[in-house]
Amino acid sequence: MTRELNDQELRRREELDHLIQHGVNPYPYTFDKTHDATAILTNFKDEAPEEFKTVAIAGRIMALRRMGKASFCHIQDASGRIQAYLRTGDIPNYDDFKLYDIGDIVGVKGYVFRTKMGEISVHATELTLLCKSLAPIPIAKEVEDDAGNKVMYDAFADKELRYRQRYKDLVVNPQIRDTFVKRSKIITAMRRYFDDRGWLEVETPILQPLYGGALARPFTTHHNSLDTTLYLRIADELYLKRLIVGGFEGVYEISKNFRNEGMDKTHNPEFTMMEIYVAYKDVYWMMEMVENLLEHIAQTALATTDVTIGKHTVSLKPPFRRLPLLESIQEYTGKDISGMDAAALHIVAKELGIEVEPKATAGKIIDEIFSEKVEHHLIQPTYITDYPLEMSPLAKKHRSKEGLTERFELFINGQEFANAYSELNDPIDQRNRLEEQSRFRAGGDDEAMTLDEDFLHALEIGMPPTSGLGIGIDRLVMLLTNQDSIRDVLFFPQMKRLEA
RNA sequence: GACCCCGUAGCUCAGCGGUAGAGCAUUUGACUUUUAAUCAAAGGGCCGAUGGUUCGAGACCAUCCGGGGUCACCA
């Protein structure tokens with residue numbers, strides 16, 4: 001498909017042709033870069049300019065001021081921006097420079113100096129075109145007003161275009177790179193924490209013949225050779241547990257999960273989850289591990305445990321508050337619902353002004369009350385513990401509290417961040433619970449779990465006592481980078497396809 | 001899925017019934033230390049799409065397509 005070129009695109013193609021006619025390769029192979037822009041800016045000293053007598057920088061031209069026989073441009077590399085000064089006579093190809101544009105990638109060799117206006121710059125002795133840009137980029141200009149505030153002119157602000165063309169967003173709004181650099185640091189810190197403790201990073205199938213380990217609608221696909229339906233995983237859980245059965249004592253996986261559900265500020269159809277399983281541990285051990293882990297990550301990635309998110313400051317310093325689910329409801333509603341059956345809970349929900357479906361089970365109603373009345377209060381890190389059995393088909397029964405499980409969810413800033421159990425390893429109990437899920441499914445709950453015979457067989461071989469945890473990485477990054485939309489922590493968030 | 005807002009030049013936006021506008025970007029000219037460089041001139045648009053109302057629609061109405069936001073769904 002060809003598309004009509006606008007005047008700026010046509011002009012750049014003409015310039016490209018001219019450069020080629022002049023013997024310039026507009027797309028050369030390498031450039032020997034010696035310095036990052038920021039390294040020069042921070043290390044250059046006026047009393048010792050000889051330390052920067054020959055530098056080679058490379059990057060994209062982001063601003064261009066031509067003044068006849070001399071020009072200034074700003075060159076942006078991964079570290080930042082530095083000004084280059086180009087003068088006829090100093091470089092042999094100054095005339096070709098007129099065919100360069102904002103957006104072109106260039107290499108500049110030269111010496112560092114400070115201009116009359118005080119800006120540290122590179123005085124070019126060689127100029128090399130490294131990539132001719134054929135499409136114009138938006139130009140963001142930033143200036144400080146009299147009060148010292150930064151004012152943006154012509155920012156690239158259209159969110160749709162920024163998400164669809166993230167490459168352009170990163171060029172024009174380089175400050176957003178910080179979020180993604182932090183994302184990488186967060187994941188690296190987490191990985192290192194686990195590796196240091198001897199737990200093994202593993203990979204398990206994304207294409208699964210049965211989906212399980214969570215309650216969600218899957219994406220469905222088809223394998224041609226096997227002529228069979230496969231599902232994109234909604235969770236790693238059942239495969240990681242098989243590895244614990246196999247004898248590994250600590251395994252974790254950081255990977256994409258896929259859920260075929262609504263999209264909003266905290267949900268993308270593909271998202272990154274970390275799941276870890278450690279043998280011979282229970283959920284109480286896991287609480288201590290998680291709070292230490294989060295402290296470690298915050299210290300490593302942010303150098304502080306006090307995190308600003310929206311209007312709140314959250315402290316990730318251990319220990320985190322622990323609050324049983326039913327007590328949390330009592331604390332925020334004044335209602336003691338312990339021991340109530342579904343009928344009694346329906347009445348309580350009505351008193352609290354919460355609408356629930358008439359056929360809702362006790363677990364669903366409790367969850368509804370929690371979501372409506374408690375969750376948004378949980379700003380500081382809080383472990384909600386002791387979830388009802390029917391809400392937790394893969395968690396071990398509580399060792400002392402009837403009808404409850406050994407489970408916690410971690411809430412921060414009113415959102416769920418982690419979910420963990422003492423993992424159910426009794427194969428007979430597990431079969432009963434999954435069969436109950438099957439009955440929910442038959443009753444119309446299309447998100448109830450499927451029964452995975454092979455997983456049950458693995459449990460029959462025997463899984464040691466194990467604690468497991470899942471942490472939503474995207475939300476963790478949002479928390480630690482003070483972003484309120486998941487789209488701002490994903491390079492390429494899911495968008496609707498545009499018609500041709 | 002419901003409701004509200006948005007879609008006009010490469011970018012950011014104004015125009016809200018009467019000949020399509022501004023700033024930046026772009027082009028041409030001047031300028032060998034500029035800083036949103038400056039000065040002078042110029043080009044650039046199926047006003048998201050399709051129907052309708054009207055003598056006349058970028059504007060009003062309807063539908064559709066994209067996006068943002070609230071809510072619902074996501075235990």
Side-chain angles (χ1 to χ4, degrees), chain A residues 4-12 14-15 62-74 81 83-90 94 98 101-103 113-119 121 123 133-145 150-165 168-169 172-173 214-217 234 259-269 271 325 355-357 360-371 375 387-388 390-393 409 416 419 437 440 445-449 484-485 487 493 495-500:
Chain A
E4 280 198 27
L5 300 176
N6 65 39
D7 60 335
Q8 295 193 40
E9 291 168 321
L10 283 170
R11 182 184 55 73
R12 283 168 184 246
E14 285 168 14
E15 288 170 348
M62 295 302 291
L64 196 47
R65 291 181 290 281
R66 300 182 199 272
M67 296 172 308
K69 297 190 175 65
S71 299
F72 289 90
C73 59
H74 273 104
R81 282 186 187 194
Q83 181 170 260
Y85 176 56
L86 302 138
R87 199 168 62 174
T88 184
D90 294 341
Y94 189 81
K98 288 173 184 159
D101 281 297
I102 288 175
F113 74 114
R114 190 183 289 273
T115 67
K116 255 198 307 207
M117 301 301 289
E119 181 162 348
S121 308
H123 189 132
S133 167
L134 296 183
I137 53 170
I139 303 301
K141 289 194 173 181
E142 190 181 272
V143 66
E144 287 187 15
D145 64 17
K150 289 197 170 177
V151 182
M152 290 293 286
Y153 292 85
D154 305 321
F156 184 47
D158 185 306
K159 282 198 169 186
E160 177 178 1
L161 282 176
R162 290 182 49 214
Y163 295 145
R164 287 190 192 278
Q165 306 185 349
K168 205 185 279 182
D169 189 24
V172 178
N173 300 314
L215 302 170
R217 279 180 267 269
I234 59 172
R259 296 187 185 175
N260 204 342
E261 308 202 349
M263 294 163 57
D264 60 30
K265 282 207 292 191
T266 55
H267 297 83
N268 196 62
F271 61 101
L325 176 62
E355 284 186 32
V356 290
E357 289 182 23
T361 57
K364 288 227 184 205
I365 301 168
I366 290 169
D367 190 63
E368 196 64 36
I369 295 171
F370 177 79
S371 304
E375 194 171 343
Y387 282 74
E390 63 157 297
M391 297 166 68
S392 315
E409 289 195 352
E416 182 194 337
N419 183 18
Q437 288 287 315
F440 290 153
D445 183 350
D446 59 356
E447 293 198 333
M449 285 189 194
D484 75 343
S485 171
R487 297 187 189 99
M495 301 288 278
K496 273 198 193 175
R497 188 172 173 172
L498 294 175
E499 297 303 317

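Since the model is a prediction, treat every value here as computed from it, not as a measurement. Letters A, B, ... mirror the listed sequences (proteins, then strands); counts begin at 1.
- A pairwise comparison of heavy atoms in Y94(A) and R87(A) identifies CD1-C, 3.9 Å as the closest pair.
- Distance noted for atom C1' between A62(B) and C24(B): 38 Å (whole Å).
- Taking atom NE2 on H123(A) and atom P on U33(B), their separation rounds to 11 Å, with Å as the unit.
- In this structure, the side chain to side chain donor-acceptor pair (under 3.5 Å) partners of H123(A), at least two apart in sequence or on a different chain, are D90(A), Y111(A).
- If you check C74(B) for Watson-Crick or wobble pairing at under 3.5 angstrom, you find it has no partner at all.
- Pair assignment for C24(B) gives G10(B), based on Watson-Crick or G-U wobble hydrogen-bonding distances that are each under 3.5 Å.
- You'll find the side chain of K159(A) stays beyond 4.5 Å of the side chain of R164(A), heavy atoms only.
- Nucleic acid contact class of L161(A) (heavy atoms, under 4.0 Å, all strands): sugar-phosphate only.
- Remark: M263(A) CE to F271(A) CZ distance equals 13.0 Å, nearest 0.5 Å.
- The side chain of K116(A) has U34(B) as its nearest neighbour among U34(B), C11(B), C73(B).
- Separating the CD atom of E9(A) from the P atom of C11(B) is a distance of 10 Å, rounded to the nearest angstrom.
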Under 3.5 Å between N/O atoms: give me all the protein pairs with nucleotides 26-31 of chain B, atom names plus distance.
residue : atom : partner : partner atom : Å
U26(B)  : O3'  : R11(A)  : NE           : 3.0
U26(B)  : O3'  : R11(A)  : NH2          : 3.2
U26(B)  : O2'  : R11(A)  : NE           : 3.0
U27(B)  : OP1  : R11(A)  : NH1          : 3.1
C31(B)  : N3   : G68(A)  : N            : 3.4
C31(B)  : N4   : G68(A)  : N            : 3.1

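- Ranked by how close their nearest RNA chain B nucleotide is to the 5' end, I137(A) and A70(A) are led by I137(A).
- One atom, CG of N260(A), and another, P of C73(B), lie 18 Å apart when rounded to the nearest Å.
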Problem - Test log, rule side chain to side chain contact (heavy atoms under 4.5 Å, CB included), inputs K364(A) and M391(A) - result: CA-CA 8 Å; K364(A) 288 227 184 205; M391(A) 297 166 68; over 6 Å; no
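- What separates CD of E14(A) from P of G43(B) is a distance of 18 Å, to the nearest Å.
- Nucleotides A57(B) and G15(B) place their C1' atoms 13 Å apart, quoted to the nearest Å.
- The base of U35(B) is paired with the side chain of T115(A) by a donor and an acceptor separated by under 3.5 Å.
- One C1' atom belongs to G43(B), the other to U26(B), and the distance between them is 8 Å to the nearest Å.
- The CZ atom of R259(A) sits 17 Å away from the P atom of C73(B) (whole-angstrom rounding).
- Here G44(B) presents its C1' atom at 14 Å from CG of L5(A), a figure rounded to the nearest Å.
- S121(A) contributes a side-chain N or O that, together with a main-chain N or O of E119(A), makes up a donor-acceptor pair within less than 3.5 Å.
- Counting to the nearest Å, the P atom of G45(B) and the CG atom of L10(A) are 11 Å from each other.
- What separates CD1 of I139(A) from P of A37(B) is a distance of 10 Å, to the nearest Å.
- The two residues F72(A) and M67(A) come nearest to each other via the heavy atoms CE1-CE, 3.5 Å.
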Practice task
Tell me, with the steps shown, if Y85(A) and S71(A) meet side-chain hydrogen bond (donor to acceptor under 3.5 Å, both in side chains).
Solution key: CA-CA 6 Å; Y85(A) 176 56; S71(A) 299; over 6 Å; no
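- Between M391(A) and A157(A), it is A157(A) whose nearest contact on RNA chain B lies nearer the 5' terminus.
- Interatomic distance, I234(A) CD1 to L215(A) CG, rounded to the nearest 0.5 Å: 7.0 Å.
- Between G68(B) and C55(B), the two C1' atoms lie 39 Å apart (nearest whole Å).
- Interface remark: the T88(A) side chain does not form any donor-acceptor pair with the U32(B) base, using a distance-only criterion of under 3.5 Å.
- Among the heavy atoms of the strands lying under 4.0 Å from Q83(A) is at least one base atom, whether or not backbone atoms are also near.
- Going from the C1' atom of A72(B) to that of A2(B) covers 8 Å, rounded to whole Å.
- Separating the P atom of G45(B) from that of G21(B) is a span of 13 Å, rounded to the nearest Å.
- Pair assignment for U50(B): A62(B), on the basis of Watson-Crick or G-U wobble contacts that are both within less than 3.5 Å.
- Between the R12(A) side chain and the S133(A) main chain, a donor and an acceptor come within less than 3.5 Å of each other.
- Distance from the side chain of N6(A) is smallest to G10(B) among U34(B), G10(B), U33(B).
- As rounded to the nearest Å, C4(B) and A9(B) have C1' atoms that lie 29 Å from one another.
- Across every strand in view, U38(B) sits in a pair with A30(B) that passes the Watson-Crick or G-U test at under 3.5 angstrom.
- Residue R65(A) has its side chain nearest to U34(B) when only C74(B), U34(B), U12(B) are considered.
- The shortest side-chain heavy-atom distance between H267(A) and E261(A) does not fall under the 4.5 Å cut-off.
- Rounded to whole Å, the separation between the C1' atoms of U12(B) and A36(B) comes to 14 Å.
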Identify the pairs formed between an N or O of the protein and an N or O of nucleotides 67-72 of chain B at a distance under 3.5 Å, and give each distance.
residue : atom : partner : partner atom : Å
G67(B)  : OP1  : R164(A) : NH2          : 3.3
G67(B)  : OP1  : K496(A) : N            : 2.8
G67(B)  : O4'  : E160(A) : OE1          : 3.0
G68(B)  : OP1  : R487(A) : NE           : 3.4
G69(B)  : OP2  : R487(A) : NH1          : 3.3
U70(B)  : OP1  : K265(A) : NZ           : 3.2

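- Summarising the geometry of R259(A) relative to A216(A), their closest heavy-atom pair is CD-CB, 3.5 Å, with the distance given to 0.1 Å.
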